[in-house]
Amino acid sequence: EAESLTHGDKSTAVVDGILTANEQRNKYAYIVVNKSPDKSQQLTIDFKSLGVKTPSKVNATVLEGRTPDDYNDLEHPDRVVPQERSLKVKDNTVTLSPHSLTVISF
């Protein structure tokens, strides 16, 4: 479940993601997009249904800019770069940065 992001008569879920696993189903990657230009979003992961003990932190690679209009160009090739982070898990929930793509590994 996610809020909707609306522009005119069009809307889309503000959070979109896909969960992938290795063949043994003991390593997971959750690729999640927060489309909100200015609001963090909460993502709840049902670790128990995956057979995983709920961790206190998860590793993540986050791609985001300072603003939704940030982009890389020849003069600024590193304005938007992936950053390795540790995300706190509280009540099976992690916080996604505004306007970001996050790959969560557990």
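Computed from a predicted model, the values in this text were never measured in an experiment. As a basis for the values below, the full set of heavy atoms in this structure was taken, side chains included, without hydrogen atoms, waters or symmetry mates.
The shortest side-chain heavy-atom distance between Val80 and Leu63 falls under the 4.5 Å cut-off. Within the 4.5 Å cutoff, the side chain of Leu43 has heavy atoms near those of the Ile104 side chain. Leu96 is not listed as a side-chain neighbour of Gln42, based on a closest heavy-atom distance of 4.5 Å or more. You'll find the side chain of Ile31 reaches within 4.5 Å of the side chain of Leu101, heavy atoms only. At a threshold of 4.5 Å between non-hydrogen side-chain atoms, the residues Asn34 and Thr102 do not count as touching. A heavy-atom distance below 4.5 Å is found between the side chains of Leu50 and Leu19.
A chain of hydrophobic side-chain contacts below 4.5 Å, direct or via other Ile, Leu, Val, Met, Phe, Trp or Tyr residues, connects Val32 to Val58.
Summarising the geometry, atom CD1 belonging to Ile45 is positioned 8.0 Å from atom CG belonging to Asn92; distances are rounded to the nearest 0.5 Å. Note: Ser100 OG to Gln41 CD = 9.5 Å, rounded to the nearest 0.5 Å.
Residues satisfying the ring-ring contact (aromatic ring centres under 6.0 Å, His included) test with Tyr30, not counting sequence neighbours, are none. Looking at residues two or more places apart in sequence or on another chain, you find a salt bridge (Lys or Arg N to Asp or Glu O under 4.0 Å) between Arg85 and Glu64.
With Arg79 contributing its side chain and Tyr71 its backbone, the two residues share a donor-acceptor pair below 3.5 Å. A distance-only check finds a donor-acceptor pair linking the side chain of Lys35 to the backbone of Ala13 [under 3.5 Å].
More than 12 heavy atoms of other shown residues, nucleotides or ligands fall within 6.0 angstrom of atom CD in Gln24. Summarising the local packing, CG of Asn22 is surrounded by more than 12 heavy atoms from other residues, nucleotides or ligands at distances under 6.0 Å.
Closest of all the heavy-atom pairs between Ala29 and Val103 is CB-CG1, 4.5 Å. Across every non-hydrogen atom of Ser4 and Ser11, the tightest pair is CB-CB, 4.4 Å. Between Thr95 and Ser40, the closest heavy-atom pair is CG2-CB, 3.7 Å.
Relative orientation of the Phe47 and Phe106 rings is perpendicular, given thresholds of 30° and 60° on the angle between their planes.
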